[in-house]
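All remarks here apply to the structure that follows.
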Amino acid sequence: MDAPAAFRQQLLESIPRLRRYARSLNFDVSRADDLTQQVLERALSRWQQFDAQREMSVWLLSIAHNAHLDTLRREARMSVTDPAEMQSAQDAAGGDPGTDVGLRIDLLSALARLVPEQREPLLLVCVEQLSYAEVAQVMNIPVGTVMSRVCRARAALRRFLDVGAAAAPTLRRVV
Amino acid sequence: MAERYVTDEEISAWVDGELGPADRARVQAWLQTHPDDAARASRWAADRDALRVLLGPAADEPVPEALRAAVMRPSVPPRWALAAAAAGLLVAGAVAGGAAVWQWQQQRGAHLEAAATAGWVQRAVFAHSVYVPEPRHAVEVKAQEEHLARWLTRRIEVPVKLFDLSAQGFELVGGRLLPDGAGKSAQLMYQDAQGLRVTVYLRKPEPGAETAFRYEQQGELGMFYWVESGAGYALVGALPRATLLTLAQAIYRQHPGALPPEGTPPPAPPAGKG
């Protein structure tokens with residue numbers, strides 16, 4: 001049976017947010033849109049399992065979380081990205097020309113250096129503005145675990161940024 | 001009362017507004033007397049804001065067509081699609097999740113003979129651009145007038161149905177009669193809640209006119225056009241292709257002669273290229 005129009009309409013309205021989350025996990029636009037497309041197709045095939053009283057955005061983000069994990073496992077990639085790749089990804093993604101380019105690279109490369117288990121909850125809380133309870137649903141972990149991972153993520157991010165600032169000449173040369 | 005030690009996790013949760021009132025007050029009191037921790041909380045909040053500024057804009061970008069299409073594509077062929085398939089207007093596309101994905105037939109090589117857009121379709125586009133910008137006299141006869149469908153049917157000698165596009169968010173504004181080359185045509189105008197208008201142009205086709213479902217874009221206007229059951233249809237609008245396709249499908253489903261009763265064998269494909 002086909003997904004009803006109301007469901008599809010809600011799905012359409014969720015696309016910008018999904019793209020944002022996918023982009024924060026994969027800096028490359030086409031990889032991010034591939035992930036988004038995967039999420040949309042999975043959501044369409046599971047529409048009958050969606051409880052309309054739930055928040056669709058949280059449901060979709062949990063599908064995205066699992067789809068991203070599947071991709072990571074399949075590719076068995078390291079989460080560390082080298083600064084040169086970061087720069088080209090940043091160029092491709094565009095961005096506000098007014099912002100200090102060096103700062104953007106620092107923040108993106110620091111983010112890329114976090115392990116996925118820390119990076120995801122940090123992004124879900126900071127950028128997607130989910131509550132800890134919602135993050136727990138998305139990632140299927142206890143709320144206490146969310147709290148400790150977010151804390152460790154921000155401490156690690158800060159550490160990488162401070163180190164980055166100290167090692168500034170190296171990163172700047174890439175620009 | 002002895003001060004309880006405040007953990008990093010509590011400070012982090014405080015930054016995210018996740019603490020209950022009692023814990024919140026306790027952490028705030030702590031931060032007021034522990035400037036190093038307060039500075040750290042402040043940096044964490046700034047990092048959060050920086051992430052939002054850096055990664056937020058992706059949600060403000062226009063949605064790529066491919067993603068929109070992924071949502072609107074039907075995954076199971078409904079009954080009308082089976083009838084359209086039998087008429088040669090649909091082909092089964094790639095299999096997705098076990099169900100065939102139906103796609104409107106793409107232009108075949110044979111249609112390269114008719115390289116230029118058919119004259120009547122150009123007239124439909126022209127009529128669209130003439131009447132759609134009109135605020136008050138967009139239509140000649142308003143939707144509420146009962147005789148609209150009958151009058152147009154008599155004039156253009158083709159059954160005119162007032163298609164219901166409310167499921168797609170479009171309401172009928174009304175219609176008008178137009179010259180169409182040596183003959184006559186009907187233009188129905190629909191409008192959505194934002195005031196965006198699409199037109200459906202109907203006319204009697206030449207004998208042996210090609211029936212294939214086609215899409216074209218001219219500037220900001222997209223159009224789908226086809227011939228079915230002795231009537232030529234052209235849907236014109238400044239909308240993305242996928243949205244226009246949804247409207248075209250809705251119109252096709254409702255054409256006079258659509259949805260044969262249960263048990264009726266599907267119609268034979270039209271003679272000639274389809």
Side-chain angles (χ1 to χ4, degrees), chain A residues 1-3 5 7-9 11-12 14-24 27 29 32-33 36-38 40-45 90 93-96 99 103-104 107-108 110-111 122-123 125-129 131-133 143-144 146-148 150-155 157-158 161-162, chain B residues 7-19 39-79 81 96-99 101-102 166-169 240 242-243 246 250:
Chain A
M1 213 189 130
D2 228 5
F7 179 87
R8 288 180 193 263
Q9 187 55 39
L11 213 54
L12 268 182
S14 309
I15 294 179
R17 211 178 154 178
L18 271 177
R19 292 187 78 222
R20 178 177 65 196
Y21 184 55
R23 193 88 58 87
S24 69
F27 303 112
V29 180
D33 281 350
T36 303
Q37 175 134 1
Q38 224 186 323
L40 293 172
E41 285 167 1
R42 284 193 191 182
L44 280 168
S45 70
Q90 177 63 8
D96 175 12
T99 313
L103 184 62
R104 286 200 336 257
L107 188 51
L108 279 187
L111 191 61
L122 184 67
L123 291 171
V125 167
C126 293
V127 182
E128 297 309 319
Q129 299 183 57
S131 68
Y132 286 6
V143 171
V146 174
M147 184 157 141
S148 67
V150 168
C151 180
R152 276 184 269 144
R154 5 174 83 115
L157 189 78
R158 248 296 119 199
L161 285 170
D162 291 340
Chain B
T7 65
D8 275 359
E9 282 186 15
E10 286 175 316
I11 296 175
S12 170
W14 176 83
V15 167
D16 292 329
E18 286 280 335
L19 294 180
R40 189 142 39 101
S42 171
R43 274 197 299 277
W44 285 350
D47 288 343
R48 178 196 54 201
D49 294 341
L51 282 173
R52 235 176 251 174
V53 165
L54 181 64
L55 299 167
D60 299 324
E61 292 172 13
V63 173
E65 228 3 77
L67 292 177
R68 196 180 283 272
V71 173
M72 302 312 293
R73 195 161 48 218
S75 48
V76 170
R79 233 168 24 110
V101 171
W102 294 89
S166 52
Q168 289 76 30
T243 316
T246 311

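Chain letters run A, B, ... following the sequence lines, proteins first and then strands; every chain starts at 1. Treat the numbers as computed from the prediction; the structure is a model and nothing was measured.
Without hydrogens or angle criteria, R52(B) side chain to C126(A) main chain gives a donor-acceptor distance under 3.5 Å. Between the side chain of R158(A) and the backbone N or O of R43(B) there is no donor-acceptor pair closer than 3.5 Å.
In terms of heavy-atom proximity, L123(A) sits nearest to L55(B) at CD2-CD1, 3.5 Å. In terms of heavy-atom proximity, S12(B) sits nearest to C151(A) at OG-CA, 3.6 Å. Annotation for P62(B) and R19(A): closest pair O-NH1, 3.5 Å, computed over non-hydrogen atoms. When every heavy atom of A59(B) is checked against every heavy atom of P16(A), the shortest pair comes out as O-CB, 3.2 Å.
For the atom pair L67(B) CG and D33(A) CG, the distance stands at 5.0 Å (nearest 0.5 Å).
A 4.5 Å side-chain heavy-atom check between L111(A) and L54(B) finds every atom pair outside the cut-off. A 4.5 Å side-chain heavy-atom check between V125(A) and E18(B) finds every atom pair outside the cut-off.
Heavy atoms closer than 4.5 Å to chain B are found nowhere in S45(A), neither backbone nor side chain. Residue contact with chain B, scored on non-hydrogen atoms closer than 4.5 Å, is absent for L18(A). Using a 4.5 Å cut-off between heavy atoms, L12(A) touches chain B through backbone and side chain atoms alike. Looking at Q37(A), the atoms closer than 4.5 Å to chain B (heavy atoms on both sides) sit in the backbone and in the side chain alike.
Of the listed residues (Q9(A), R152(A), R154(A), R20(A)), the one with the most heavy-atom contacts under 4.5 Å to chain B is R154(A). Taking chain A as the reference chain and counting heavy-atom pairs below 4.5 Å, the highest number among D8(B), V63(B), D47(B) is found for D47(B).
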